[in-house]
Amino acid sequence: MDSIIFDVDGTLWDSTEIVAEAWSNYLTNTEHMDTDVSSRRLMGLFGQLLPDIAKALFPELPESEQLRIIDGCCQAEHEALLRKCAPLYPQLEETLDTLSHRFPLFIVSNCQAGYIEVFLKATGFGHYFKGHLCPGDTGMAKADNIMKIRDDFNLKDPVYVGDTLGDFNACHKARVPFIFAEYGFGAVEDPDYRISAPADLMEVCR
């Protein structure tokens, strides 16, 4: 391996509580809607493309309204996460610091434009990463963004660290080894590697 690409939610931090509160406040106070956006429900939705999350939350609305409302939710979420950083997984910064001296680090997430930048600004971790991509930036899904990062930075043997079956499937399509963060939101039966905490990467990635 010559590089590491990370997912964000369920892999680097758990923003579900803050996001759930921000979305609920926006939906109640601005859209005058009563929709279940509990942190537990968001755990089951995070990792999907944003239009699919909008469709799951607002199935009774036309697609244009779904996208308009989810965009408002995301803006409220960004503001909330910049006011208060979401909980990071244990020893995350020490792990990133150590790994960044061994390998170039990247982020590819199925999020909206601006979310990765919010993560980097809220945590102050921008200096650990060489680049990042998401569907909001490229219009492409995770597998294609993994391949684009690989091509753009001339990576020969990257690995991907994520926490959902969607991450696993994207890695399979991109032909990139998958390291399953089993402390995250999803379940994967047969990953290439498993970690139970971010610090485990210092042993797996040598």
Side-chain angles (χ1 to χ4, degrees), residues 3-26 37 39 42-43 45-50 53 71 73-138 142 145-146 148-149 152-153 155 158-164 166-167 170 178-186 195-205:
S3 49
I4 308 172
I5 308 171
F6 289 87
D7 179 44
V8 178
D9 293 306
T11 302
L12 299 176
W13 72 1
D14 180 358
S15 67
T16 52
E17 289 285 351
I18 294 174
V19 172
E21 182 178 0
W23 285 22
S24 294
N25 288 340
Y26 172 79
V37 287
S39 60
L42 289 185
M43 283 184 184
L45 295 173
F46 274 15
Q48 299 182 38
L49 293 170
L50 202 61
I53 294 176
D71 182 66
C73 288
C74 289
Q75 295 307 311
E77 157 194 326
H78 289 183
E79 293 168 8
L81 288 167
L82 288 173
R83 286 194 300 269
K84 180 181 180 182
C85 183
L88 306 176
Y89 289 107
Q91 294 183 277
L92 178 64
E93 183 165 17
E94 299 94 318
T95 301
L96 293 176
D97 184 44
T98 298
L99 292 175
S100 67
H101 286 88
R102 301 179 188 170
F103 309 100
L105 308 182
F106 303 89
I107 294 175
V108 171
S109 178
N110 266 355
C111 58
Q112 69 276 13
Y115 184 78
I116 298 174
E117 289 87 344
V118 166
F119 166 79
L120 296 175
K121 185 174 182 179
T123 59
F125 290 173
H127 58 290
Y128 294 127
F129 295 94
K130 301 295 185 183
H132 55 80
L133 285 177
C134 70
D137 296 327
T138 66
K142 181 165 284 185
N145 282 327
I146 291 172
K148 181 171 172 55
I149 281 277
D152 287 352
F153 290 89
L155 308 178
V159 298
Y160 187 89
V161 186
D163 68 306
T164 67
D167 294 336
F178 177 65
I179 300 175
F180 176 46
E182 60 186 14
Y183 54 84
F185 301 156
I195 57 171
S196 58
D200 293 347
L201 287 170
M202 290 188 280
E203 290 299 320
V204 173
C205 300

Visitor: Glu182: which residues meet the side-chain contact (heavy atoms from CB on, under 4.5 Å) condition with it, sequence neighbours left out?
Guide: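 For Glu182 the side-chain contact (heavy atoms from CB on, under 4.5 Å) partners, ignoring immediate neighbours, are Phe180, Arg194, Ser196.
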Visitor: Among residues at least two apart in sequence or on other chains, which ones pass side-chain hydrogen bond (donor to acceptor under 3.5 Å, both in side chains) with Gln112?
Guide: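 Listed in chain order: Glu77, His78.
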Visitor: For residues 92-120, which residue pairs qualify under ring pair (Phe, Tyr, Trp, His ring centres under 6.0 Å), counting only residues two or more places apart or in two chains?
Guide: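 Output for this query lists Trp13-Phe119, Phe106-Phe153.
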Visitor: Show me, pair by pair, the donor-acceptor contacts under 3.5 angstrom made by side chains of residues 87-96, not counting sequence neighbours?
Guide:
| from | atom 1 | to | atom 2 | distance (Å) |
| --- | --- | --- | --- | --- |
| Glu93 | OE2 | Tyr128 | OH | 3.0 |
| Thr95 | OG1 | Gln91 | O | 2.7 |

Visitor: Between Asn25 (side chain only) and Ala22 (backbone N and O only), is there a donor and an acceptor less than 3.5 Å apart?
Guide: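 Not a single qualifying donor-acceptor pair exists.
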Visitor: List for me each residue that meets side-chain hydrogen bond (donor to acceptor under 3.5 Å, both in side chains) alongside Asp152, sequence neighbours excluded, and say none if there are none.
Guide: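 Per chain and number, Asp152 pairs via side-chain hydrogen bond (donor to acceptor under 3.5 Å, both in side chains) with Lys148.
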Visitor: Can you sort out the partners of Phe178 under ring-ring contact (aromatic ring centres under 6.0 Å, His included), two or more places apart, ordered by chain and number?
Guide: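 Counting only residues at least two positions away or on another chain, Phe178 forms a ring-ring contact (aromatic ring centres under 6.0 Å, His included) with Phe168.
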Visitor: Not counting sequence neighbours, which residues clear salt bridge (charged side-chain N to carboxylate O under 4.0 Å, His left out) with Asp137? List them please.
Guide: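 If we apply the salt bridge (charged side-chain N to carboxylate O under 4.0 Å, His left out) test to Asp137, skipping adjacent residues, there are no hits.
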Visitor: Sequence neighbours excluded, which residues qualify as salt bridge (charged side-chain N to carboxylate O under 4.0 Å, His left out) partners of Asp7?
Guide: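 Scan of Asp7 (salt bridge (charged side-chain N to carboxylate O under 4.0 Å, His left out), adjacent residues dropped) gives Lys142.
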Visitor: Once ring-ring contact (aromatic ring centres under 6.0 Å, His included) is applied, do any residues pair with Phe129, and if so which ones, sequence neighbours excluded?
Guide: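 With neighbours one apart ignored, the set is empty.
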Visitor: Using ring-ring contact (aromatic ring centres under 6.0 Å, His included) as the criterion, list what pairs up with Tyr160, not counting sequence neighbours.
Guide: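 Residues passing ring-ring contact (aromatic ring centres under 6.0 Å, His included) with Tyr160: none at all.
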Visitor: Got a sec, which residues hit side-chain hydrogen bond (donor to acceptor under 3.5 Å, both in side chains) with Gln75, two or more places apart in sequence or on another chain?
Guide: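 Here no residue qualifies.
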Visitor: Sequence neighbours left out, what passes side-chain hydrogen bond (donor to acceptor under 3.5 Å, both in side chains) with Ser100? Give chain and number order.
Guide: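 Expected list: none.
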